[in-house]
Amino acid sequence: MALTGLQIYKLLPASSTKPEVKAHANCKECGYPTCLAFAMKLAAKQAELSLCPYVEEESKRQLEESAAPPIRLITIAGSAKKLEVGNELVLYRHEKTFYHPPGLFVRVKDTQPDAAQVAEAVAAYSVDYVGMSLTLDGVAVEAAGGDFASTVAAVKAACPFPLILMTSDPATAEAGLKAAQGTMPLLWAADAQNWQAMAKLAAQYKVPLVVLANGDLNALADLAEQVKNAGVEDIVLDPGTRGYADSLAIFTQLRRLALKKNERKVGYPLIAFAGDDATLAAQHIAKYAGFIVLDRFDPAMVYPLIVLRANLFTDPQKPIQVLPGVYEINKPGPSDPLMITTNFSITYFSVANEVESSGLPGWLLVADAEGMSVLTAWAAGKFDAERIAKTVKTTGIEQKINHKRLIIPGHVAVLLGEIEEELPGWEINVGPREAVDLPNYLKTRWG
Amino acid sequence: MPGIEVPKEKWSGKVREVTLGATAAEGGTRSRTVTVGGETTLPFLKFEGEIPHPPAIALEVRDQQPNDWPSILLEAWNGATQDVAEWAKAAEAAGADLVALRFNASEQLNAAYARKILRRVLSATGLPLIVFGAGQADLDNEILVAVAEEGKGERLVLGVCEEKNYRTIVAAALAHGHLVDARTPMDVNLSKQLTILIHDMGMPLERIITDPTTGALGYGIEYGYSVMERLRIAALQGDTMTQQPMLVTPGEEAWRTKEARAAEGVPAAWGDYVERAINWEVLTASTLIQSGADIVVLRHPKSLQRVRAMINALMS
């Protein structure tokens, strides 16, 4: 939790009880007139603590700790792609935003002959959504009695994404870590029995380590602290829950403890195992997992999950926009209808979706209205006759169609006359107010 | 070393309990009633509050087989979509808590027709009903007034009431002992305001369900999600006009999307069509339940099974 200026002041030389430190009170060497002024700048994150050469070690430790994020940022990496999770600051996305989307992993076993093929399919999976290319994040390789090291090596060769190495046996873990060399996998897991050996491995191979408990909050926190004291800084928590209710409760508690109680012992990202249940994986996306492991690679399940993740991790203050320009719907020809709307994502998708699902071909012009919906943009002067005319003239649509008719949203019917002035020779039609009425409008009014 | 204490919020508010349907003893003909609401914490956080009722699932039926539903959705009903009474029976058999009857916009739709359809549905199923109009204000006012009168005493939910068209429906619901669905376009303040307007007409808060609207997965679900989360937090913080149970229609939204409609001509990365389409509806619904939905209206019987499995697991 960030300290206030006054709390910081109590840690600076002016507040020290040691005469040799107190001697440097308000010495100005940091460039500020007093320790208090410096403390205020530190609190506002406008100065660095290193400017003060006299601050005591214990104070420095406290100040650094207070500056650390409440949920540690954990990075893992494959041969060509890395993943960062953690650093979350809120419980609810509307409070600010969720920052680091949870990594989605597919689990393979070392007894599975097609492990490398699955890894290849995971690596190759990509889907276009709102102009973004969305992918999975990696493969979890589980030791199940097969040849762990060679499976890890094969998966690493087949998939440039980060790996999770799953075994509770330290010797197996070390074989896997060796096979994964050159990448930074996540090691799962240190439990009450094996934690010393696993912590040693994590420190030696410099990889983040999962701490696994049996559903008990305190056992988890204590084990994480032991692992940390053994020299492992990068920790991920697995509370051990695998169902809906138990996971929701403890994941919520852990997030609250880290953010609201500043409980350092559990200030780490969480890992969840969703089996082959898309609905459970969806809960983990919304409710606080940093890593989600699926037991199966099925595009029909991965696609909705990846889209849900993109949706919930969109910054609520910056709604996604679509690129202004010409959008072709249902392969339109030169005589098909031309409509215009704004580049607010929901507006665009409402309109595009209605036209698309009607089966009718059409051209959709998207004006740059700074990401606002039709009515908001109109009220703000971002979707006026001038911008509409500019969109028509600059997008090259005139070369693609053989008519000069433009359908405008019903909400901006008042712009009719002005648009006709801006676009001489064009016939402007007032369409429906709501996208849902477009198919019917196109069927009955266009011809 | 002292242990970590489970972090609990001290919420002062409570979601209002609303009961749908009425049995013979209560002046209706339903075989049972469904109560939603009553939560004193965020969804399913039983470690800090009460979740007295599970979210309820309604299945949508139409007076006539709709011509804009994808064939995989119609086929899932094994022919029951041909007849509204059969459809309502099938919805009950599929495990619905509620039947949501929605009228198609058609030429034959008028007050007398709506009365006839309502009577058939009421005799086909013992579940409480939600009745939605066809989405055309004047027509909806006409048929919902008739439905209110015909279903007197049944504690139907009549909808949708919107800011620009709620008075007639609310008056009819008031006169005949029904509930209303108050729909606003994904906005906390508008939702609150419509509840106030309807309450000001004399409608008890125990008969208002708020419908904050949603987008489907991929089509704005995050707006619906956050508005519902904010409404629920406001309710728990004691803002009385946000304490209505929430209803959303993920089935309608999900089955409008290309993901649920396009069998061909889509990327291979979208996966098997039927599975993807059902997942689209299920994840839209499950995510909204996680943010506070008390009633979800679904369309596919398999979606109901999966959402039910999730609710059961979360309530256990």
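In what follows, every chain begins at residue 1, and chains take the letters A, B, ... in the order their sequences are listed.
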Practice task
Check whether more than 12 heavy atoms from other residues, nucleotides or ligands sit under 6.0 Å from atom CD of B:E163, and answer yes or no.
Solution key: no
Problem - Value rounded to 0.5 Å, distance of OG1 in B:T287 from NZ in A:K287 - result: 10.5 Å
Practice task
Step through the shown structure and confirm whether more than 12 heavy atoms of other residues, nucleotides or ligands are within 6.0 Å of CG on A:N330.
Solution key: yes
Exercise for the section: Measure A:S126 against the heavy atoms of chain B and call it side chain, backbone, both or neither at under 4.5 Å. Expected result: backbone
Exercise for the section: Looking only at non-hydrogen atoms, find the nearest pair between A:R93 and B:E229 and report the distance. Expected result: N-OE1, 4.0 Å
Completion exercise
Whatever's closer than 4.5 Å to a heavy atom in chain B on A:E95 counts as neither
Completion exercise
When the 4.5 angstrom heavy-atom criterion is applied to B:L42 and chain A, the contacting part is side chain
Practice task
Identify the two heavy atoms, one from A:A221 and one from B:I4, that lie closest to each other, and give their separation to 0.1 Å.
Solution key: CB-CD1, 3.3 Å
Exercise for the section: With a 4.5 Å cut-off on heavy-atom pairs, point out which of B:E5, B:E259, B:K8, B:R261 contacts chain A the most. Expected result: B:E259
Exercise for the section: Would you check if A:Y303 and B:V266 make a side-chain contact, meaning some heavy-atom pair closer than 4.5 Å? Expected result: no
Exercise for the section: Tell me, for B:P70 versus chain A, whether the close heavy atoms (under 4.5 Å) come from the side chain, the backbone, both or neither. Expected result: neither
Practice task
Heavy atoms only, distances under 4.5 angstrom: which of B:G220, B:G218, B:S226 has the most pairs with chain A? Name it, please.
Solution key: B:G218
Practice task
Over 60° means perpendicular and under 30° means parallel, so classify the ring planes of B:Y219 and A:F349, tilted if in between.
Solution key: perpendicular
Practice task
Measure the shortest side-chain to side-chain distance between A:H94 and B:I233 over non-hydrogen atoms and say whether it is less than 4.5 angstrom.
Solution key: yes
Handout entry: Option that, when pairs with chain B are counted at under 4.5 Å, heavy atom only, ranks first among A:L217, A:I306, A:L308
Key = A:L308
Handout entry: Residue selection (most heavy-atom pairs with chain A, distance under 4.5 Å) from B:V227, B:T257, B:T284
Key = B:T257
Handout entry: Under 4.5 Å from any heavy atom of chain A - which part of B:P267
Key = neither
Completion exercise
Turns out that what part of A:Y92 lies under 4.5 Å from chain B's heavy atoms comes down to both
Practice task
Heavy atoms only, distances under 4.5 angstrom: which of A:N353, A:L305, A:L257, A:V307 has the most pairs with chain B? Name it, please.
Solution key: A:N353
Practice task
Taking all heavy atoms of B:N279 and all of A:P304, pick out the closest pair and write down the distance.
Solution key: CB-CG, 3.9 Å
Exercise for the section: Taking the side chain as every heavy atom from C-beta outward, state whether A:R256 and B:E9 have any pair of such atoms under 4.5 Å apart. Expected result: yes
Practice task
Over all heavy atoms of both residues, which pair between A:A282 and B:L283 is shortest? Give the atoms and the distance, please.
Solution key: CB-CG, 3.9 Å
Problem - Region of A:Q253 that comes under 4.5 Å of a non-hydrogen atom in chain B - result: both
Exercise for the section: Mind checking the CZ-CD1 spacing from B:F47 to A:I250? Nearest 0.5 Å is all I need. Expected result: 10.0 Å
Problem - Proximity breakdown for B:A277 and chain A, heavy-atom pairs closer than 4.5 Å - result: neither
Exercise for the section: Measure the spacing between OH of B:Y225 and CG of A:N311 and express it to the nearest 0.5 Å. Expected result: 11.5 Å
Problem - Region of A:I285 in contact with chain B, defined by heavy-atom distances below 4.5 Å - result: neither
Fill in the blank from the handout: Okay, A:T252 and chain B: the region with an atom under 4.5 Å from a heavy atom over there is side chain
Practice task
Determine which residues belonging to residues 296-316 of chain B lie within contact range of chain A, meaning some heavy atom pair is under 4.5 Å apart, and list them by number or answer 'none'.
Solution key: B:M310, B:A313, B:L314, B:S316
Handout entry: Largest heavy-atom contact set with chain A, pairs under 4.5 Å, which of B:K46, B:R276, B:E275
Key = B:R276
Exercise for the section: Please check if atom CH2 in A:W378 has more than 12 non-hydrogen atoms from other residues, nucleotides or ligands closer than 6.0 Å. Expected result: no
Exercise for the section: Counting only heavy atoms closer than 4.5 Å, note whether A:E263 contacts chain B via side chain, backbone, both or neither. Expected result: side chain
Problem - Residue part contacting chain B, namely of A:A249, when any heavy atom lies under 4.5 Å - result: both
